[in-house]
2 protein chains.
Amino acid sequence: MQPLSSREKILEVAERRFAQRGYAGVGLRELASAAGLGKSSLFHHFASKAALYLAVLDRVLERIETRIGPALAVRGTAGERLDRALDALIDALAEHPTVARLLLRALFEDDDLPETETPEARAVDSRLRALIGELGRFIDAGVANGEFRKVSTGDALQTLIGATVYHFASGEVGEVVTGGPLFTREAVARRKAEVKGFVHHGLQSPQPQERPKESSQ
Amino acid sequence: MQPLSSREKILEVAERRFAQRGYAGVGLRELASAAGLGKSSLFHHFASKAALYLAVLDRVLERIETRIGPALAVRGTAGERLDRALDALIDALAEHPTVARLLLRALFEDDDLPETETPEARAVDSRLRALIGELGRFIDAGVANGEFRKVSTGDALQTLIGATVYHFASGEVGEVVTGGPLFTREAVARRKAEVKGFVHHGLQSPQPQERPKESSQ
DNA sequence: GTCTATATCACGATAGAC
DNA sequence: GTCTATCGTGATATAGAC
């Protein structure tokens, strides 16, 4: 693998910084020098700070798409496909702590961006809508064929996003809640199992007072 | 009710601004004039921007505590108490769109604050830990008496936080996902029902291909 | 308790040499 | 494609009059 181009190096550094401190919290001077460049050189590669931020977001969404698309395309019951999609999504989020944080910050940092009518912004927006639409149609299909309960598709999707994206973005608070790190192999594997278990069976056991000592972990 | 004191007015305005644009995105000048004051007068009421931010957070956590505490203290099965706690939490989050956003931003904006060793910061931290501990012990109890599945307490708690806090913080993205507003009375009521339904029954129906047309909405 | 004025600094962005 | 220098602006915070 050849060494990173300046553009790629900038994107890499920017992803970490934006995930950690948010759009407004990152200064281009600091970012440039962390990428081994002078501040002005950034403007040769990206038209503005907002354009750089959107390029970072786009790259992350593209990575997630690449993982989830094939998982949803697999044949099988809706339950099986859901398991695969959750595994793929969690793998994408667990790959690096920046991913979930960027996604979660992007929820409300739209307000922060100076212009929202640029072509880059519309590209990110349509990528996100495509991903949401894909997952939504998939849940709909499961409800339609009777395999899933008659849930509100949108609310179910929100719950799944919360269970995955929020979790891996939750940082120190999440470590307090779970009592340990979030990104070790064991923690990620446990999260996958717990989310799938929660989705499949629900929190409340079907037989309240019966054989309380058997279920798998 | 007497008119708001300057301090209260500042806290009110600051809560909206910090929720909307984040810690780094808010300028004290703009904030002060929105509160009807000169910029320098803020420093008479709060020692620094960070202290103001922490005061805002503390006030929000206090409001949530006030709602959830009584709900958890009620007698009943773990399932009933869970329903009450979820209702109380969702009511607190739905009261004003700032609440969930502030909480979610607080997850990662700790990195943004200049000092984390001030007494105010420790007050917020201990308030948060108390709330988490309370909810955790409550789930533990439900698992211990066999009413809940043998889930990982921390992961279940993370899922519940995601289903509630994330949802009401999700803004425009959440509106795209659910296909409508998040804070209308109907949307909040539907969210309560969906979250409780999801928690109780799980997404996958117990009898995959049977009576697919009956369950409640 | 609020104000004006100011100190100090960092920000995003541009100009233009090399 | 990277650099130095600089513009204009707005940031947090302080000093001190009223």
Side-chain angles (χ1 to χ4, degrees), chain A residues 2-57 105 109-121, chain B residues 2-57 105 109-121:
Chain A
Q2 62 182 349
L4 295 180
S5 72
S6 283
R7 189 190 155 90
E8 285 162 340
K9 179 76 183 171
I10 293 168
L11 285 168
E12 199 117 319
V13 171
E15 181 174 324
R16 269 201 293 275
R17 291 295 211 276
F18 283 133
Q20 193 163 55
R21 316 189 78 101
Y23 180 77
V26 171
L28 294 186
R29 184 213 219 82
E30 155 211 15
L31 198 158
S33 83
L37 289 174
K39 180 189 52 161
S40 300
S41 301
L42 292 186
F43 290 92
H44 179 78
H45 299 279
F46 301 94
S48 68
K49 184 186 184 181
L52 169 57
Y53 178 74
L54 289 169
V56 168
L57 263 190
R105 297 196 103 121
E109 292 198 322
D110 292 359
D111 306 336
D112 239 29
L113 297 179
E115 299 177 22
T116 58
E117 293 304 314
T118 65
E120 299 101 318
Chain B
Q2 61 182 349
L4 295 180
S5 72
S6 284
R7 188 190 156 90
E8 284 163 341
K9 179 76 183 170
I10 293 168
L11 284 169
E12 199 117 315
V13 171
E15 182 174 323
R16 269 201 293 274
R17 292 295 211 275
F18 282 134
Q20 193 164 55
R21 315 188 77 101
Y23 180 78
V26 171
L28 294 187
R29 190 223 282 292
E30 155 211 14
L31 199 158
S33 82
L37 288 174
K39 180 190 51 164
S40 299
S41 301
L42 291 187
F43 291 93
H44 180 76
H45 298 280
F46 300 95
S48 69
K49 183 186 185 181
L52 169 58
Y53 178 74
L54 290 169
V56 168
L57 263 190
R105 296 196 105 122
E109 291 198 324
D110 292 0
D111 306 336
D112 238 30
L113 298 179
E115 299 177 20
T116 58
E117 293 303 315
T118 66
E120 298 100 320

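Here is the naming used below: chain letters follow the sequence lines, and residue numbers restart at 1 for every chain.
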Worksheet entry | Residue pair A:Glu30 / A:Arg17: nearest heavy atoms and the distance that separates them |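 Shortest heavy-atom contact: OE2-NE, 2.9 Å.
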Roughly how many Å is it from [atom1] in [X] to [atom2] in [N], rounded to a whole number?
X: A:Lys9; N: D:dT2; atom1: NZ; atom2: C1'; result: 17 Å
X: B:Arg17; N: D:dA11; atom1: CZ; atom2: P; result: 12 Å
X: B:Leu31; N: D:dA11; atom1: CG; atom2: P; result: 11 Å
X: A:Leu52; N: C:dA13; atom1: CG; atom2: P; result: 10 Å
X: A:Leu42; N: D:dC3; atom1: CG; atom2: P; result: 10 Å
X: A:Lys49; N: C:dC11; atom1: NZ; atom2: P; result: 9 Å
X: A:Leu113; N: C:dG12; atom1: CG; atom2: P; result: 13 Å

Worksheet entry | Heavy-atom donor-acceptor pair, B:Arg105 side chain to B:Gln20 backbone, under 3.5 Å |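 Side chain of B:Arg105 to backbone of B:Gln20: a pair is present.
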Please tell me which of the listed nucleotides, [options], lies nearest to the side chain of [X]?
X: A:Leu28; options: D:dT14, C:dA13, C:dG1; answer: C:dA13
X: A:Leu37; options: D:dC3, D:dA13, C:dC3; answer: D:dC3
X: A:Lys39; options: C:dC11, C:dG12, C:dT2; answer: C:dG12
X: A:Phe43; options: C:dT2, D:dA13, C:dA13; answer: C:dA13

Can you find a side chain N or O atom of [X] that sits less than 4.0 Å from OP1 or OP2 on [N]?
X: B:Arg29; N: D:dT12; result: no
X: A:His45; N: D:dT2; result: yes
X: A:His44; N: D:dG1; result: yes

Discussion item. Set out, in order, the CA-CA distance, both residues' side-chain angles and the distance that settles side-chain contact (heavy atoms from CB on, under 4.5 Å) for B:Phe46 and B:Leu11, then state yes or no.
Written reply: CA-CA 10 Å; B:Phe46 300 95; B:Leu11 284 169; 3.8 Å; yes
Discussion item. So, under a plain 3.5 Å distance rule, would you say the side chain of A:Ser40 forms a donor-acceptor pair with the base of D:dT4?
Written reply: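 Pair found.
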Worksheet item: Does any non-hydrogen side-chain atom of B:Leu57 lie less than 4.5 Å from one of B:Phe18?
Response: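 Side chain of B:Phe18 against side chain of B:Leu57, heavy atoms only: no contact under 4.5 Å found.
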Discussion item. Do B:Leu113 and B:Leu54 make a side-chain contact, defined as non-hydrogen atoms from C-beta onward lying under 4.5 Å apart?
Written reply: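 Yes, their side chains come closer than 4.5 Å.
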